[in-house]
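This report refers to the structure that appears directly beneath it.
Chain identifiers are assigned alphabetically (A, B, ...) following the order of the sequence lines, protein sequences preceding nucleic acid strands; residue numbering begins at 1 within each chain.
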Protein chains: 2
Amino acid sequence: MGTELRLQDYLPHRLSVASNAVSRLIARSYELRFGLKIAQWRLIAVLADEGPLTPQALCARTIMDKVRVMRAAQGLLDRGLLSRQPNPEDGRSHRLALTRSGTRLHRDIVPWALACEARLLQGLTRADILRLDTLLRRLQKRAAGADIVK
Amino acid sequence: MGTELRLQDYLPHRLSVASNAVSRLIARSYELRFGLKIAQWRLIAVLADEGPLTPQALCARTIMDKVRVMRAAQGLLDRGLLSRQPNPEDGRSHRLALTRSGTRLHRDIVPWALACEARLLQGLTRADILRLDTLLRRLQKRAAGADIVK
DNA sequence: TATTGTTATACTCTATAACTATA
DNA sequence: TATAGTTATAGAGTATAACAATA
């Protein structure tokens with residue numbers, strides 16, 4: 001029976017601590033340089049990549065719930081970075097789209113975001129990075145899998 | 001100039017999403033089975049491993065700030081899982097220690113916590129797990145390194 | 001004056017539920 | 001009735017500041 005457990009070696013703790021350190025760094029930088037919250041950046045990144053989407057689709061793409069997507073979108077709408085487009089197929093819904101200034105902002109952010117990621121990953125081999133990505137996806141999938149532990 | 005960026009391939013996002021999925025699963029389980037918050041579990045784990053510590057030492061060990069440690073400790077004190085010991089060396093300070101029931105609770109949690117971790121890591125090789133741990137530590141260190149990106 | 005513990009405050013993230021308007 | 005969007009509320013995590021007691 002392994003009854004030893006050191007917190008600093010416990011994976012859920014490691015993951016949380018690492019994620020928090022990275023998120024904090026990123027969040028501060030986004031705030032300072034672009035006046036954006038991470039949730040807002042997520043919307044911009046997805047919309048720039050995929051074009052106009054409904055709030056619901058944005059929830060799925062960004063892995064955020066409706067409330068958080070709404071709040072993030074509202075801030076961007078207020079700043080004129082997003083606009084609403086009516087959805088002819090369903091009167092209940094609409095699509096959110098980047099405005100010109102939203103697109104411009106996205107273009108400003110991307111190089112910086114990539115450089116930021118590169119610095120975090122500096123010193124790692126291509127193989128390491130791929131492995132990390134794979135392992136994180138796997139953890140996410142298993143955790144989202146639900147009733148692993150009850 | 002790489003101007004492509006897919007959110008789902010962006011490391012800070014991957015890390016955040018994976019961490020959140022794991023944390024949510026763990027948090028629910030701790031709550032259901034032991035009535036503990038993650039922050040409280042961290043205190044218990046560290047105190048069981050290292051013996052009585054000051055709140056300040058607990059901040060360092062758990063990577064949580066004073067406020068969070070205080071809130072977590074208060075809940076455990078209220079439930080009689082922790083007790084305060086005066087610190088003869090410094091009248092300003094005191095040490096927090098597990099009570100008998102705190103120690104008992106810890107003994108109940110550990111096997112479950114290890115099983116939980118094992119299920120999350122199921123299917124991964126020993127080498128994968130070590131690699132993941134190393135990579136997470138590295139990310140944490142680089143992110144905590146501070147002014148990587150301003 | 002600096003530090004330890006403590007309390008207060010606030011904002012973000014996360015979660016839930018309820019409400020509206022369409023379907 | 002069901003769904004999409006919206007609003008309200010609340011708990012937990014995170015951060016900052018201020019205060020009291022002690023060093």
Side-chain angles (χ1 to χ4, degrees), chain A residues 12-13 15-28 30-32 35-43 52-60 62-75 77-78 82 84-96 143-144, chain B residues 12-13 15-17 19-32 35-43 52-60 62-78 82 84-96 143-144 146:
Chain A
H13 183 248
L15 186 59
S16 170
V17 164
S19 172
N20 184 38
V22 170
S23 291
R24 188 157 31 128
L25 178 69
I26 303 285
R28 283 184 175 165
Y30 276 91
E31 184 68 45
L32 280 176
L36 290 179
K37 308 294 176 193
I38 287 183
Q40 295 175 322
W41 150 248
R42 288 182 182 178
L43 297 193
L53 292 172
T54 63
Q56 199 182 19
L58 282 168
C59 290
T62 59
I63 322 288
M64 301 193 295
D65 62 20
K66 293 194 285 184
V67 175
R68 206 175 161 196
V69 167
M70 282 301 308
R71 275 212 301 229
Q74 195 54 58
L77 287 163
D78 293 344
L82 283 190
R84 280 191 234 263
Q85 299 176 347
N87 184 346
E89 299 162 3
D90 187 336
R92 293 172 301 181
S93 182
H94 62 268
R95 293 195 303 174
L96 292 164
Chain B
H13 184 249
L15 186 59
S16 170
V17 164
S19 172
N20 183 39
V22 170
S23 291
R24 189 156 31 128
L25 179 69
I26 303 285
R28 283 184 174 164
S29 300
Y30 277 91
E31 184 67 45
L32 279 176
L36 289 179
K37 307 297 176 192
I38 287 183
Q40 294 176 324
W41 150 247
R42 288 182 182 177
L43 296 193
L53 293 172
T54 63
Q56 200 183 18
L58 282 168
C59 290
T62 59
I63 322 286
M64 301 193 296
D65 64 19
K66 294 193 287 184
V67 176
R68 203 175 164 196
V69 167
M70 283 301 308
R71 275 208 303 222
Q74 196 53 59
L76 296 174
L77 287 163
D78 293 344
L82 283 191
R84 279 191 234 262
Q85 299 176 347
N87 184 347
E89 299 161 3
D90 188 336
R92 293 172 302 182
S93 182
H94 62 268
R95 294 195 302 173
L96 292 165

To the nearest Å, give me how far apart [atom1] ([X]) and [atom2] ([N]) are.
| X | N | atom1 | atom2 | result |
| --- | --- | --- | --- | --- |
| B:Leu58 | C:dT4 | CG | C1' | 13 Å |
| B:Met64 | C:dG5 | CE | C1' | 15 Å |
| B:Arg92 | C:dT6 | CZ | P | 13 Å |
| A:Asp65 | D:dA8 | CG | P | 16 Å |
| B:Lys66 | D:dT16 | NZ | P | 12 Å |
| B:Met70 | C:dG5 | CE | P | 9 Å |
| A:His94 | C:dA23 | NE2 | C1' | 17 Å |
| B:Leu96 | C:dG5 | CG | C1' | 10 Å |

**Study point:** Residues touching DNA chain D, which here means a heavy atom under 4.0 Å, drawn from residues 84-91 of chain B
**Key:**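 Of all residues in residues 84-91 of chain B, the ones placing a heavy atom under 4.0 Å from DNA chain D are B:Asp90, B:Gly91.
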Point to revise | Results of side-chain contact (heavy atoms from CB on, under 4.5 Å) for B:Ser16 - residues two or more places apart only | key: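 A:Ser19, A:Ser23, A:Arg42.
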Review point. Which residues pass the side-chain hydrogen bond (donor to acceptor under 3.5 Å, both in side chains) test with B:Arg28, sequence neighbours left out?
Key: none
Review point. Toward the 5' end of DNA chain C, which comes first, B:Gln74 or A:Ile63, by nearest nucleotide?
Key: B:Gln74
Point to revise | Whichever of A:Gln56 and A:Arg28 has its nearest DNA chain D nucleotide further upstream toward 5' | key: A:Gln56
Study note, to complete from the structure: Scanning both residues in full, the closest heavy-atom pair of A:Thr54 with A:Ser93 reads CG2-OG, 3.4 Å
Check your understanding: Of all heavy-atom pairs between A:Val69 and A:Pro55, which one has the smallest distance, and what is that distance?
Key -> CG1-O, 4.1 Å
Review point. Which nucleotide, D:dT16, D:dA8, C:dG5, lies nearest any side-chain atom of A:Val67?
Key: D:dA8
What I'd like to find out is whether the side chain of [X] reaches to under 4.5 Å of the side chain of [Y], using heavy atoms alone.
| X | Y | answer |
| --- | --- | --- |
| B:Glu31 | B:Lys37 | yes |
| A:Thr62 | B:Val17 | no |
| B:Leu96 | B:Leu43 | no |

Exercise for review: Report the residues that fulfil salt bridge (Lys or Arg N to Asp or Glu O under 4.0 Å) with B:Asp65, sequence neighbours left out, ordered by chain and then residue number.
Suggested key: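 Listed in chain order: nothing, the list is empty.
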Exercise for review: Go through the structure and list residues passing salt bridge (Lys or Arg N to Asp or Glu O under 4.0 Å) with B:Arg84, not counting sequence neighbours.
Suggested key: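 With sequence neighbours excluded, B:Arg84 shows a salt bridge (Lys or Arg N to Asp or Glu O under 4.0 Å) to no residue whatsoever.
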Write out a two-atom table: protein N or O, nucleotide N or O from nucleotides 10-13 of chain D, distance below 3.5 Å.
residue	atom	partner	partner atom	Å
D:dA12	OP1	B:Lys37	NZ	2.1
D:dG13	OP1	B:Arg68	NH2	3.2
D:dG13	N7	B:Arg71	NH2	2.9

